Student: 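Got a structure here, written out as structure tokens. Questions coming.
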Amino acid sequence: VMNSTDFYIATKTDIPFISETYNQNINELHGINRTFDDWDKLLTDEKSTYYIVRTTEPVAWFRTEITDNILWLGMLQVKVEFQHQGFGKCILSFVENLAKSNNIKQLGIHTTEDNMVARNLYQSFGYTVSEIGKCTTADSVERMGYTFIKNI
């Protein structure tokens, strides 16, 4: 499966997949309901780039943003039926290569204290916790947030 994985920049036609996957994972993300227009605005934000991960069909998506010469990974979403098959690691490898090709030396990821699957994935891939502190998630709840950094 992983050998035939393709990455491409998301377009408006990908919004139904993005929305469906987001809604499957909304509780873990501490997310809020978003409309098609909300997603359209997010996809056209010039500060971020949204990517689709595809095998024979779309299986995952994520967002990247470069701030202060750090490539930030956000919203890493794997469709429920494709979780625990290595797509998270595949995405982290892709993002690392993306950073290297743009001469960026640091990667960053934020997550919350309760997202142990994400925290374990990032730590297994060489990310270290650089900050722990209170944050307010999209659902307006204050939680403990974790910032992970990796030097490459």
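Every value quoted in this text rests on a predicted model; they were computed, and no experiment measured them.
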Student: Quick one: side-chain hydrogen bond (donor to acceptor under 3.5 Å, both in side chains) partners of Asp114, sequence neighbours excluded?
Tutor: His30, Thr112
Student: Take the angle between the ring planes of Phe148 and Tyr127 and call it parallel below 30°, perpendicular above 60°, tilted in between.
Tutor: perpendicular
Student: Cut-off 3.5 Å, no hydrogens considered: what does the side-chain donor-acceptor table look like for residues 45-54, sequence neighbours left out?
Tutor:
{"from": "Asp45", "atom 1": "OD1", "to": "Lys47", "atom 2": "N", "distance (Å)": "3.0"}
{"from": "Ser48", "atom 1": "OG", "to": "Glu65", "atom 2": "OE1", "distance (Å)": "3.0"}
{"from": "Arg54", "atom 1": "NH2", "to": "Thr56", "atom 2": "O", "distance (Å)": "3.3"}

Student: Identify whether Phe62 and Ile15 are in the same connected component of the hydrophobic contact network (ILVMFWY, side-chain heavy atoms under 4.5 Å).
Tutor: no
Student: According to a 4.5 Å side-chain heavy-atom criterion applied to Ile, Leu, Val, Met, Phe, Trp and Tyr, with indirect links allowed, do Val129 and Leu121 form part of one hydrophobic cluster?
Tutor: yes
Student: Could you list the residues that satisfy side chain to side chain contact (heavy atoms under 4.5 Å, CB included) with Ser19, not counting sequence neighbours?
Tutor: Asn23, Trp39
Student: Would you find more than 12 non-hydrogen atoms of other residues, nucleotides or ligands less than 6.0 Å from Asn97 atom CG?
Tutor: yes
Student: Going by salt bridge (Lys or Arg N to Asp or Glu O under 4.0 Å), name the pairs with one or both residues in residues 17-32, residues two or more places apart or in two chains.
Tutor: Glu20-Lys79
Student: Report yes or no: do Ile9 and Leu42 belong to one cluster of Ile/Leu/Val/Met/Phe/Trp/Tyr joined by side chain heavy-atom distances under 4.5 Å?
Tutor: no
Student: State, to 0.1 Å, how close Gly31 and Ala138 come at their nearest heavy-atom pair, and which atoms those are.
Tutor: CA-CB, 4.3 Å
Student: Run the side-chain hydrogen bond (donor to acceptor under 3.5 Å, both in side chains) test against Thr147 and tell me which residues pass, sequence neighbours left out.
Tutor: His110
Student: Within a strict 4.5 Å, meaning less than it, do heavy atoms of the Phe7 and Trp61 side chains meet?
Tutor: no
Student: Phe82: what forms a ring-ring contact (aromatic ring centres under 6.0 Å, His included) with it, not counting sequence neighbours?
Tutor: none
Student: Where the side chain of Asn115 meets the backbone of Thr111, is there a donor-acceptor pair that is under 3.5 Å apart?
Tutor: no
Student: Enumerate the side chain to side chain donor-acceptor pair (under 3.5 Å) contacts for residues 99-109, please, sequence neighbours excluded, ordered by first and then second residue.
Tutor: Asn103-Lys105, Gln106-Asn151
Student: Does any part of the side chain of Trp72, heavy atoms only, come nearer than 4.5 Å to the side chain of Ile109, both counted from C-beta?
Tutor: no
Student: List the atom of Phe36, the atom of Pro16, and the distance in Å for their closest heavy-atom pair.
Tutor: CE1-CD, 4.5 Å
Student: Taking salt bridge (Lys or Arg N to Asp or Glu O under 4.0 Å) as the cut-off, I'd like each qualifying pair that reaches into residues 6-16, sequence neighbours left out, listed once.
Tutor: Lys12-Asp40
Student: Which residues pass the side-chain hydrogen bond (donor to acceptor under 3.5 Å, both in side chains) test with Thr35, not counting sequence neighbours?
Tutor: Asp38
Student: What distance do Phe87 atom CZ and Leu92 atom CG have between them, rounded to the nearest 0.5 Å?
Tutor: 13.5 Å
Student: Side chain to side chain contact (heavy atoms under 4.5 Å, CB included), that's the test. Do Leu71 and Leu98 meet it? Break it down for me.
Tutor: CA-CA 9 Å; Leu71 179 64; Leu98 184 65; 4.2 Å; yes
Student: Give a yes or no on whether the backbone of Glu113 and the side-chain of Arg119 come within a donor-acceptor separation of less than 3.5 Å.
Tutor: yes
Student: If I compare all heavy atoms of Cys90 with all of Thr5, which pair ends up nearest, and what's the gap?
Tutor: SG-CG2, 4.0 Å
Student: If hydrophobic clusters are built by linking Ile, Leu, Val, Met, Phe, Trp and Tyr wherever their side-chain heavy atoms come under 4.5 Å apart, do Tyr8 and Phe94 end up in the same one?
Tutor: no
Student: Indicate yes or no: at least one non-hydrogen side-chain atom of Phe125 is less than 4.5 angstrom from one of Ser93.
Tutor: yes
Student: Group every Ile, Leu, Val, Met, Phe, Trp and Tyr by side-chain heavy-atom contacts under 4.5 Å, then state whether Tyr122 and Val117 land in the same group.
Tutor: no
Student: Find the distance between CG (Leu107) and CD1 (Ile149) and round it off to the nearest 0.5 Å.
Tutor: 8.0 Å
Student: Applying side-chain hydrogen bond (donor to acceptor under 3.5 Å, both in side chains), name anything that partners Ser140, two or more places apart in sequence or on another chain.
Tutor: none
Student: Can you tell me which residue pairs pass the salt bridge (Lys or Arg N to Asp or Glu O under 4.0 Å) test with a partner in residues 133-144, sequence neighbours excluded?
Tutor: Lys134-Glu142, Asp139-Arg143
Student: What residue among Ile91, Val59, Leu29, Ile18 forms side-chain contact (heavy atoms from CB on, under 4.5 Å) with Gln77?
Tutor: Leu29
Student: Does this structure show an ion pair linking Glu96 with Lys150, if we count only N-O contacts that are shorter than 4.0 Å?
Tutor: yes
Student: Mind checking side chain to side chain contact (heavy atoms under 4.5 Å, CB included) for Val80 and listing every partner two or more places apart, or none if nothing turns up?
Tutor: Gln24, Asn25, Gln83
Student: Flag the pair Ile66 / Ile104 as yes when at least one side-chain heavy-atom distance between them is below 4.5 Å, and no otherwise.
Tutor: yes
Student: Within the side chain of Tyr22, is there an N or O that forms a donor-acceptor pair under 3.5 Å with the backbone of Ile32?
Tutor: yes
